[in-house]
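Contents: one structure, followed by commentary.
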Amino acid sequence: MQLKQFDGLMAFWKVAEHRGFTAAAAELEVSPSALSQSIRQLEARLGVRLLHRSTRSVSLTEAGQAYLARVGPALGQVIEAGEEINTLQGRPAGTLRLNSARIATAMVLQPLLAGFLAEYPQVQIELTNDEGFVDIVEQGFDAGVRMGESLARDMVAIPLGGPVTVAVVASKDYLRRHPAPVHPDDLAQHNCVRFRFASTGAIYKWEFQLDSRVVEYEARGNLTITDSLFNLEAALEGVGLAYTFESLAQPYLQAGRLQQVLQAYSPTFPGFYLYYPSRHDQPSKLKAFIDYVRQRAVYS
């Protein structure tokens, strides 16, 4: 076997796993075009077409399915052997690709990153902040961070902290111009900083605890954002009411720059989780990060 053929095998294996070139290329740290060329060379050497390619999807041909069934387990063992050596030598290495909502990064993930990178200098973290709901397997990420209620059931999840409580806040200047709401129904008379999910275009509905149930309210206002942290900046500037988490607003509340309203109706949610696919052959870099998170995540 030529050495270059092994590159083609890895390319084919990862494209088949992710059902696409973009995520596979990201994991192998090459360009999608280089990945495609490598697979074409493999197909030329084998004299058979392995993949059906279209502008929107990639699927295996019958020959590709048969070939993957033979080479996939062997390649998996090769990778696993390398990971085991790294683990035995105490040297997790490689690029750890994480996907996190920006607000989750600020609240629970960022405080962990510097310490982890100092402890494991041969690991490189590639962090993508994404406010939408992402299929981390399809997109080629090793793990993600999201609210517990947003996780797919087939994922393994570990908490990155305790429950989080919502806070609706506004500047004193805004509340001098607009009487503070005393019930969520009063939101109809207020300017609310709205959040739009860039991936779907949907506007987030504000949730409040009314008796024993959580009720959604459609927030209305003249500012709509796609950055989950910018609403605090807007509130500080007196634009309107902002829907955020108490822990993020606390420094501004203590300094008197913001005031909390509707506190009696603020719901509490389970909090943020690190989640990842359930696999027996977790790479050493991910295992190291999971162990680090378990030991250091702060619970309240």
Side-chain angles (χ1 to χ4, degrees), residues 100-108 129-134 145-152 159-273 299-300:
S100 174
R102 185 162 182 251
I103 197 167
T105 297
M107 291 180 65
V108 295
N129 284 319
D130 193 325
E131 302 290 5
F133 302 107
V134 177
V145 179
R146 289 294 188 282
M147 293 281 289
E149 60 185 13
S150 305
L151 305 184
L160 286 177
V164 291
T165 301
V166 163
V168 178
V169 297
S171 69
K172 291 183 178 179
D173 175 64
Y174 175 84
L175 294 176
R176 277 194 294 267
R177 292 182 280 117
H178 305 274
V182 297
H183 188 278
D185 288 346
D186 298 336
L187 292 176
Q189 310 303 319
H190 281 269
N191 200 44
C192 302
V193 181
R194 308 193 308 165
F195 176 79
R196 184 189 301 277
F197 292 99
S199 58
T200 64
I203 297 291
Y204 177 74
K205 294 182 178 180
W206 292 13
E207 298 175 84
F208 293 96
Q209 188 77 40
L210 271 66
D211 298 324
S212 60
R213 60 196 179 98
V214 174
V215 178
E216 294 181 341
Y217 283 79
E218 184 175 348
R220 298 180 180 180
N222 60 9
L223 176 62
T224 301
I225 61 175
T226 58
D227 182 336
S228 55
L229 293 181
F230 185 66
N231 57 359
L232 274 175
E233 298 296 331
L236 288 166
E237 293 295 327
V239 173
L241 301 177
Y243 189 94
T244 184
F245 291 114
E246 277 187 351
S247 60
L248 288 176
Q250 199 60 42
Y252 305 106
L253 295 172
Q254 291 177 346
R257 298 185 63 192
L258 291 177
Q259 182 175 324
Q260 187 171 357
V261 298
L262 300 176
Q263 192 167 2
Y265 302 96
S266 294
T268 297
F269 297 108
F272 296 98
Y273 287 75
Y299 302 90
S300 58

Under 3.5 Å: donor-acceptor pair, side chain of Arg196, backbone of Gly201
yes

Sidechain-backbone polar pair: Ser266 side chain, Val166 backbone, donor-acceptor under 3.5 Å:
yes

Show every side chain to side chain donor-acceptor pair (under 3.5 Å) that has at least one partner inside residues 237-251, sequence neighbours left out.
Glu246-Gln260

May I have all residue pairs that pass side chain to side chain donor-acceptor pair (under 3.5 Å) and include part of residues 211-227, sequence neighbours excluded?
Arg102-Asp227, Asp185-Tyr217, Asn191-Asn222, Arg194-Thr224

Does any non-hydrogen side-chain atom of [Y] lie less than 4.5 Å from one of [X]?
X: Asn231; Y: Phe195; answer: no
X: Pro267; Y: Thr165; answer: no
X: Leu210; Y: Tyr265; answer: yes
X: Phe208; Y: Leu187; answer: yes
X: Met107; Y: Val164; answer: yes
X: Leu248; Y: Leu229; answer: yes

So how far is it from [X] [atom1] to [Y] [atom2], rounded to the nearest 0.5 Å?
X: Asp173; Y: His178; atom1: CG; atom2: NE2; result: 8.5 Å
X: Phe272; Y: Arg146; atom1: CZ; atom2: CZ; result: 10.0 Å
X: Ile203; Y: Cys192; atom1: CD1; atom2: SG; result: 12.0 Å
X: Leu241; Y: Leu258; atom1: CG; atom2: CG; result: 11.0 Å

For the residue pair Ser171 and Leu236, what are the closest heavy atoms and their distance?
CB-O, 4.2 Å

State whether a side-chain donor-acceptor pair under 3.5 Å links Thr105 with Ser100.
yes

Only residue of Leu232, Val261, Leu175 satisfying side chain to side chain contact (heavy atoms under 4.5 Å, CB included) with Val169 is Leu232

Plane angle bin for Tyr174 and His190 - parallel if under 30°, tilted between 30 and 60°, otherwise perpendicular
tilted

